[in-house]
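Structure first, then comments.
Lettering of chains follows the sequences in order, A, B, ..., and the numbering in each one begins at 1. Please read all numbers here as calculations on a predicted model, not as lab measurements.
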There are 2 protein chains.
Amino acid sequence: MVEEESDVNQHDKCSVEWTLDVIGGKWKGVIVFHLLEGKKRFNEFRRRIPGVTQRMLTLQLRELERDGVVHRKVYSEVPPRVEYSLTEFGQTLEPIIRNMKTWGDEYARRVAERQAEGQ
Amino acid sequence: MVEEESDVNQHDKCSVEWTLDVIGGKWKGVIVFHLLEGKKRFNEFRRRIPGVTQRMLTLQLRELERDGVVHRKVYSEVPPRVEYSLTEFGQTLEPIIRNMKTWGDEYARRVAERQAEGQ
DNA sequence: CAGAATCCAGAGGGATACTG
DNA sequence: CAGTATCCCTCTGGATTCTG
């Protein structure tokens, strides 16, 4: 009813935040990024994501699973095997993640440039 | 040289993370989103972002400023006036933020649907 | 108006050791 | 291999009060 200047309302605000709630975690973006190429196993992530600890990897994967982004398939074998993959819903994150990668590249380039300037 | 399966290397990984380092903060996405429409003043943010505290708003704005995303213009007046706007570099975040909004909408819709199912 | 300062709780996140 | 379990600490973030 009131139109004023508020073409941006509560709804708009929350939408952006929902997304950050889902992929804003320290390692979640990277995890999803790696899953874009296909399913991955637990230790594959550890190798591909230097710096992540077992604990954090587990926690972040569990949250992504809970949010319906990642699917976790357990094979009843010895030794155990678990495969992580993106759900259909998780796939819809692809544009965002790709954008984030592109932007991050540019950002890194920019930072490097600044340092090269001795500034 | 070695091509193996590693078309994804350290570099790819970091890029996604740089981006999250810059806009992964709890309120940063929303702040940038609002700035897409134009410059904003401190208390405008407070009105548009219910839930954010003065402290956090200040901190997140300062970080965005430090990272070259946001420009802070102070007018020497009484009462004081400060206007925040996106830098040129900050503008390049637009696609990501818009994507995040779209995805967040879909996510919210999905969550609402689940709850409606009583599940 | 646009914050700075202070205090405080809790979540996020790391290191290490252990397990089915 | 793919985790749990603990301990511990930092840093995020909220509430409140004060200021140029």
B/Lys26 NZ to C/dA11 P: how many Å, rounded?
11 Å

Stepwise side-chain contact (heavy atoms from CB on, under 4.5 Å) test for A/Glu17 and B/Met100:
CA-CA 8 Å; A/Glu17 282 199 70; B/Met100 282 179 28; over 6 Å; no

More 5' along DNA chain D: A/Phe42 or B/Thr53, using each one's nearest nucleotide?
A/Phe42

Global bending angle along the helix from C/dC1-D/dG20 to C/dG20-D/dC1, which compares the axes of five pairs at either end, to 10 degrees:
60°

Base, sugar-phosphate or nothing for A/Glu63? Non-hydrogen atoms, less than 4.0 Å.
nothing

Roughly, in whole Å, what's the span from CZ in A/Arg46 to C1' in D/dA2?
9 Å

For A/Met56 and A/Pro80, find the nucleotide of DNA chain C closest to each by heavy atoms; which residue's nucleotide sits nearer the 5' end?
A/Met56

Any base atoms under 4.0 Å from A/Tyr84, or only sugar-phosphate, or nothing? Heavy atoms, all strands.
sugar-phosphate

Which residue lies toward the 5' end of DNA chain C, A/Gln54 or A/Gly25, if each is placed at its nearest nucleotide?
A/Gly25

State, yes or no, whether a side-chain contact exists between B/Arg98 and B/Phe33 at a heavy-atom distance under 4.5 Å.
yes

Quick one: are A/His71 and A/Glu65 in side-chain contact, heavy atoms under 4.5 Å?
no

For atom NZ of B/Lys28 and atom C1' of D/dG13, their distance in whole Å:
13 Å

Contact between A/Trp103 and B/Thr92 at the side-chain level, heavy atoms closer than 4.5 Å - yes or no?
yes

Once you round it to whole Å, what is the distance between P of C/dA4 and CZ of B/Arg62?
5 Å

Find out whether A/Trp27 and A/Leu57 are in side-chain contact, i.e. whether some heavy atom of one side chain is under 4.5 Å from a heavy atom of the other.
no

Which atom pair, heavy atoms only, marks the closest approach of A/Val22 to A/Lys28?
O-CD, 3.0 Å

Could you give the CD-to-P distance, from A/Glu44 to D/dG3, as a whole number of Å?
13 Å

Side-chain heavy atoms of A/Tyr84 within contact of A/Leu64, under 4.5 Å
no

Within the 4.0 Å heavy-atom criterion, would you say A/Arg55 contacts the bases, only the backbone, or no part of the nucleic acid?
base

Quick one: label A/Glu83 by what it contacts on the DNA or RNA (base, sugar-phosphate, nothing), any heavy atom closer than 4.0 Å.
nothing

